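Note that this is a predicted model, so its numbers are computed, not measured. Side chains are part of it too, since the values below use all heavy atoms of this structure and drop only hydrogens, waters and symmetry mates.
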Protein chains: 2
Amino acid sequence: MYLALKRSDRMTPIKELTQSLRIPFHFAAKILQRLARKGLLVSLKGRAGGFGLGVAPTEITLFHIVEAIDGVEFTRRCVLGLPACSVENPCALHETWREERDRIYKMLVRKSVAEMAREMKNSLHGLAATKDKDFDGYQTNHS
Amino acid sequence: MYLALKRSDRMTPIKELTQSLRIPFHFAAKILQRLARKGLLVSLKGRAGGFGLGVAPTEITLFHIVEAIDGVEFTRRCVLGLPACSVENPCALHETWREERDRIYKMLVRKSVAEMAREMKNSLHGLAATKDKDFDGYQTNHS
DNA sequence: CTAATTTAGGATAAAAGAGTCCGATTATCA
DNA sequence: TGATAATCGGACTCTTTTATCCTAAATTAG
């Protein structure tokens, strides 16, 4: 969302993002890295390097992000954890849970990063406004 | 569900249940213990001891079980994990997730153990029928 | 070419969760 | 009253997940 709101042609370094959002550097780094590997973000090393969107924010959905971070196993897995659960041999929640799961799936596919970023514009701005505090984005040794 | 299907006035020892269901003894013990502490089950030590339903199976809902095992934090927690998320300061998914969460909550409250036990009668019987194998309910030292 | 900056990715550490074990306690039966 | 059959609950272990750290590689400015 932060990158979507920036909409600049330059790359955004992890450090800038984590200072604005006040989250740990290495924590964000791993997440950005994973999203970049999936093509949702692009990255560039070295000076003037950083991260940017790899696809238009209207095209990135919550489902893409869930897929990149947690995988899609939840769309198949029996909610009671029974290995033998199937249409032929359904558990007590097979159909009931399929309905809920399908709704959530549709919601994830529907919701874009562009939409979410728009809705959180104010709070993300608010966070960015506090960036001139002494939070350097690194949790430990102030390098 | 197993206890609901038994519907006997005697108590069911953990060992019988775990042999029928082919699950580890100590694993089941901990779960039964927790449900008993919440009053959903009753327990009795000593000879002729074991576990039984503490309430009619029509009165025990999935929500009661989720509450006893995992707690109800999920009904409050922001799906994005933001501590400051609230109606006044909603995250990008605040309302969307509230809808899904409410649906699931209603489903949990609606679904009773009696209903689930009825639906799984066949597979639970099937499991119980295989109990004369060499599975003694304990994972380790065959006491 | 060198120094500075920035991400990449593997290694490690910390935390959480799940599962197991065991001694203590309680109850029943003979 | 002693032997036996059970649960109780804390301690322990194992696995998984989450978070952090560190070195290498890439890129650019000077």
Side-chain angles (χ1 to χ4, degrees), chain A residues 2-3 8-54 65-66 68-71 73-74 77 80-81 83 135-143, chain B residues 2-3 6 8-54 65-66 68-71 73-74 77 80-81 135-143:
Chain A
Y2 183 82
L3 294 177
S8 116
D9 47 351
R10 319 186 262 309
M11 300 300 248
T12 304
I14 302 176
K15 199 170 174 185
E16 178 198 319
L17 183 143
T18 56
Q19 286 180 349
S20 296
L21 265 28
R22 305 177 64 79
I23 59 178
F25 180 93
H26 296 291
F27 172 69
K30 270 282 178 284
I31 296 172
L32 292 168
Q33 207 174 298
R34 283 177 93 158
L35 297 177
R37 237 179 287 155
K38 295 282 179 176
L40 301 179
L41 304 181
V42 289
S43 70
L44 195 64
K45 289 184 183 176
R47 285 211 178 182
F51 288 87
L53 296 182
I65 297 174
V66 170
I69 302 292
D70 296 301
E73 187 59 21
F74 79 95
R77 192 170 199 73
L80 294 189
F135 185 82
D136 70 354
Y138 292 84
Q139 287 301 67
T140 52
N141 53 65
H142 293 234
S143 57
Chain B
Y2 182 82
L3 294 177
K6 285 214 80 189
S8 117
D9 47 351
R10 321 187 261 310
M11 300 300 249
T12 304
I14 302 176
K15 198 170 176 183
E16 178 198 318
L17 183 143
T18 56
Q19 286 179 349
S20 297
L21 264 28
R22 307 176 63 77
I23 59 179
F25 180 93
H26 297 289
F27 172 67
K30 270 282 178 283
I31 296 172
L32 293 169
Q33 209 172 296
R34 283 177 93 159
L35 297 177
R37 238 178 287 157
K38 294 283 178 176
L40 301 178
L41 304 181
V42 289
S43 69
L44 195 62
K45 290 183 182 179
R47 285 211 178 180
F51 288 86
L53 296 182
I65 298 175
V66 170
I69 303 291
D70 295 302
E73 187 58 21
F74 80 95
R77 192 172 201 70
L80 295 188
F135 186 82
D136 68 359
Y138 291 84
Q139 286 300 68
T140 51
N141 53 65
H142 293 234
S143 57

With [X] via side chain to side chain contact (heavy atoms under 4.5 Å, CB included) - residues at least two apart:
| X | value |
| --- | --- |
| A:R37 | A:Q33, A:R34 |
| A:L44 | A:M11 |
| A:A68 | A:L35, A:K38, A:L40 |

- Query: Any Lys/Arg nitrogen of B:E16 or B:K6 sitting under 4.0 Å from an Asp/Glu carboxylate oxygen of the other?
  - Reply: yes

- nucleotides 23-30 of chain C: protein proximity per nucleotide (B base, S sugar-phosphate only, - neither; heavy atom, under 4.0 Å): --BBBBS-

I want to check something: taking the side chain as every heavy atom from C-beta on, are [X] and [Y] in contact at a cut-off of under 4.5 Å?
| X | Y | answer |
| --- | --- | --- |
| A:L53 | A:V42 | no |
| B:F25 | B:I14 | yes |
| A:T18 | A:F27 | no |
| B:L3 | B:T12 | yes |

- Task: Give each stem of DNA chain D as a range with a range, requiring at least 3 consecutive Watson-Crick or G-U wobble pairs whose two distances are under 3.5 Å.
- Result: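 The stems that DNA chain D takes part in, listed by first number, are C:1-30 with D:1-30.
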
- Which residues, if any, of residues 29-39 of chain B bring a heavy atom under 4.0 Å of DNA chain C? B:K30

Nearest whole Å is fine: how far is [N] [atom2] from [X] [atom1]?
| X | N | atom1 | atom2 | answer |
| --- | --- | --- | --- | --- |
| A:F25 | D:dT18 | CZ | C1' | 18 Å |
| B:K15 | D:dA5 | NZ | C1' | 10 Å |
| B:E16 | D:dT7 | CD | C1' | 15 Å |
| B:L41 | D:dA6 | CG | P | 17 Å |
| B:E73 | C:dA16 | CD | C1' | 16 Å |
| A:F27 | D:dT18 | CZ | C1' | 9 Å |
| A:M11 | C:dA8 | CE | C1' | 14 Å |
| A:I23 | D:dA19 | CD1 | P | 11 Å |

- Query: Can you tell which of C:dT7, C:dC21, D:dC22 lies closest to the side chain of A:H26?
  - Reply: D:dC22

- Apply side-chain contact (heavy atoms from CB on, under 4.5 Å) to B:K15 and B:Q19, showing your working. CA-CA 6 Å; B:K15 198 170 176 183; B:Q19 286 179 349; 3.6 Å; yes

- Message: Using the rule given for side-chain contact (heavy atoms from CB on, under 4.5 Å), can you reason through B:F51 versus B:L17, listing the C-alpha separation, both sets of side-chain angles and the distance that settles it, and then say yes or no?
- Response: CA-CA 9 Å; B:F51 288 86; B:L17 183 143; over 6 Å; no

- Message: With a 4.0 Å limit, can you tell me whether B:S43 has a side-chain N or O closer than that to the phosphate oxygens OP1/OP2 of D:dA6?
- Response: no

